[in-house]
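Small disclaimer: the values here were computed from a predicted structure and weren't measured. Counting from 1, the numbers follow the sequence of the chain as shown.
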Amino acid sequence: MTAKPRVALFVTCLVDLHRPSVGFASIALLEAAGCTVEVPRAQTCCGQPAYNAGDRATARDLAAGLITAFSAYDYIVVPSGSCGGMLAKHMPHLFDDDPNLRAKADQLAAKTYELTSFLVDVMKFTPTPPPLPVTATYHDSCAGLRELGVKTQPRTLLSAVPGLTLTEMTEPEICCGFGGTFCVKYPDISTRMVAEKAADIEATEAQLLLAGDMGCLLNMAGRLSRDGAAVEVRHVAEVLAGMTRDLAAIGKPAG
């Protein structure tokens with residue numbers, strides 16, 4: 001690839017509000033991979049909460065704004081499988097009654113990638129992070145896995161981290177129980193699911209839990225903390241960008 005691809009980072013609401021370091025880590029990785037990275041100021045929520053709640057009008061309005069904000073870029077990269085899945089798989093159908101906007105939405109969807117998938121599948125990138133002597137386990141977030149095919153990519157990238165040993169859970173692909181509005185609509189079911197996920201995580205005896213979706217990470221970190229588990233929780237981008245030394249784990253106070 002001769003020219004640097006012009007990449008727009010879709011930050012996501014949870015990264016913006018809860019874990020901006022994931023956005024900075026994503027930018028560092030994309031630049032190291034040879035991309036020119038921009039963060040469009042006009043971006044908003046991907047519309048997934050409204051979409052899942054049946055409010056198609058709000059989701060459509062948000063999607064129309066995103067088409068305008070992101071259409072000029074070569075790629076749209078998202079450090080979240082769920083938001084990436086919304087843009088790549090669901091957003092175009094909001095415009096089934098408008099051929100012009102549907103075509104633009106299809107174009108946007110075709111160049112939208114989850115972060116680790118983009119780094120591996122498109123940029124063929126191998127990171128060079130500092131050593132991290134730790135035993136880690138990885139949770140496969142539902143949307144990234146089932147909608148975008150994200151499975152081997154984060155593990156391929158993590159294999160380049162010196163000292164990191166990846167120990168798989170018994171069921172790494174089982175949902176953590178977050179599911180966006182699912183945990184609000186069905187709290188009892190959600191609580192049972194995250195309790196079972198936390199038990200699977202602890203059974204690995206890993207010191208570090210990684211995933212690529214902030215919703216899942218916040219949910220699992222909360223449960224592990226309530227259980228008193230000595231497991232750090234981080235977004236995979238933070239580890240790949242070498243940002244663990246001075247950055248508190250998710251759910252832990254700084255310092």
Is the shortest heavy-atom distance from the side chain of [X] to the side chain of [Y] under 4.5 Å?
| X | Y | answer |
| --- | --- | --- |
| Leu94 | Tyr51 | yes |
| Leu209 | Met169 | yes |
| Val239 | Val134 | no |
| Ile201 | Met220 | yes |
| Lys104 | Ser71 | no |
| Pro40 | Tyr73 | yes |
| Phe118 | Val7 | yes |
| His235 | Arg19 | no |

Gap separating the [atom1] atom of [X] from the [atom2] atom of [Y], nearest 0.5 angstrom:
| X | Y | atom1 | atom2 | value |
| --- | --- | --- | --- | --- |
| Ser225 | Ile250 | OG | CD1 | 12.5 Å |
| Leu208 | Leu164 | CG | CG | 7.0 Å |
| Leu101 | Asp96 | CG | CG | 11.5 Å |
| Leu157 | Thr152 | CG | OG1 | 9.5 Å |
| Phe178 | Ser141 | CZ | OG | 10.5 Å |
| Asn52 | Phe182 | CG | CZ | 12.0 Å |

request  = Flag the pair Glu202 and Arg223 as a salt bridge only when some basic side-chain nitrogen lies within less than 4.0 angstrom of an acidic carboxylate oxygen.
outcome  = no
key: Salt bridge Asp106-Arg102, side-chain N to carboxylate O under 4.0 Å   = yes
ask   = Can you name the side-chain hydrogen bond (donor to acceptor under 3.5 Å, both in side chains) partners of Ser117, sequence neighbours left out?
value = Asp121
message = For a side chain to side chain contact (heavy atoms under 4.5 Å, CB included) check, start with the C-alpha distance between Ile67 and Phe95, then their side-chain angles and the critical distance, and finish with the verdict.
response = CA-CA 11 Å; Ile67 290 172; Phe95 304 106; 3.8 Å; yes
query = Going by distance alone, is a donor N or O of one side chain under 3.5 Å from an acceptor N or O of the other, for Thr167 and Glu205?
reply = no
task = Scan side-chain atoms only and decide if Glu38 and Thr36 contain a donor-acceptor pair under the 3.5 Å cut-off.
result = no
Answer yes if [X] and [Y] sit in the same cluster of Ile, Leu, Val, Met, Phe, Trp and Tyr residues linked by side chain heavy atoms under 4.5 Å apart, and no otherwise.
| X | Y | value |
| --- | --- | --- |
| Phe10 | Val37 | no |
| Leu115 | Val233 | yes |
| Met86 | Leu9 | no |
| Leu240 | Val78 | no |
| Val236 | Leu247 | no |

message = Under 6.0 Å from the ring centre and within 45 degrees of the ring axis: does the NZ or CZ of Arg6 meet both conditions for the six-membered ring of Tyr75?
response = no
Between [X] and [Y], what is the shortest heavy-atom contact and its length?
| X | Y | answer |
| --- | --- | --- |
| Glu238 | Arg234 | OE1-CB, 3.6 Å |
| Pro129 | Ala160 | CD-O, 3.9 Å |
| Met214 | Leu14 | CB-CB, 3.8 Å |
| Pro162 | Pro130 | CD-O, 4.0 Å |
| Ala105 | Pro92 | CB-CA, 3.7 Å |
| Ala241 | Ala25 | CB-CB, 3.8 Å |

inquiry  = How about NZ on Lys151, more than 12 heavy atoms from neighbouring residues, nucleotides or ligands closer than 6.0 Å, or not?
reply    = yes
key: Neighbour count >12 (heavy atoms, 6.0 Å) for atom CZ, Phe24   = no
For [Y], does its backbone N or O pair with a side-chain atom of [X] as donor and acceptor, under 3.5 Å?
| X | Y | value |
| --- | --- | --- |
| Asn219 | Cys176 | yes |
| Gln207 | Thr135 | yes |
| Ser26 | Val22 | yes |
| Asp200 | Glu171 | yes |
| Gln43 | Val11 | yes |
| Asp213 | Ser82 | yes |

key: Ile174 and Glu196: CA distance, side-chain angles, deciding distance, side chain to side chain contact (heavy atoms under 4.5 Å, CB included) verdict   = CA-CA 9 Å; Ile174 295 295; Glu196 292 178 354; 5.9 Å; no
message = Assess the residue pair Leu148 and Lys89 against the criterion (side chain to side chain contact (heavy atoms under 4.5 Å, CB included)); give the C-alpha distance rounded to whole Å, side-chain angles, the decisive distance to 0.1 Å, and a yes or no.
response = CA-CA 8 Å; Leu148 302 178; Lys89 300 298 181 181; 4.2 Å; yes
ask   = Under the criterion salt bridge (charged side-chain N to carboxylate O under 4.0 Å, His left out), which of Arg155, Lys197, Arg146 is the partner of Asp140?
value = Arg155
Step-by-step side chain to side chain contact (heavy atoms under 4.5 Å, CB included) determination, Met123 to Leu30 = CA-CA 9 Å; Met123 298 306 296; Leu30 290 167; 5.9 Å; no
key: Intermediate values then yes/no, side chain to side chain donor-acceptor pair (under 3.5 Å), His90 and Gln48   = CA-CA 9 Å; His90 303 296; Gln48 184 182 173; over 6 Å; no
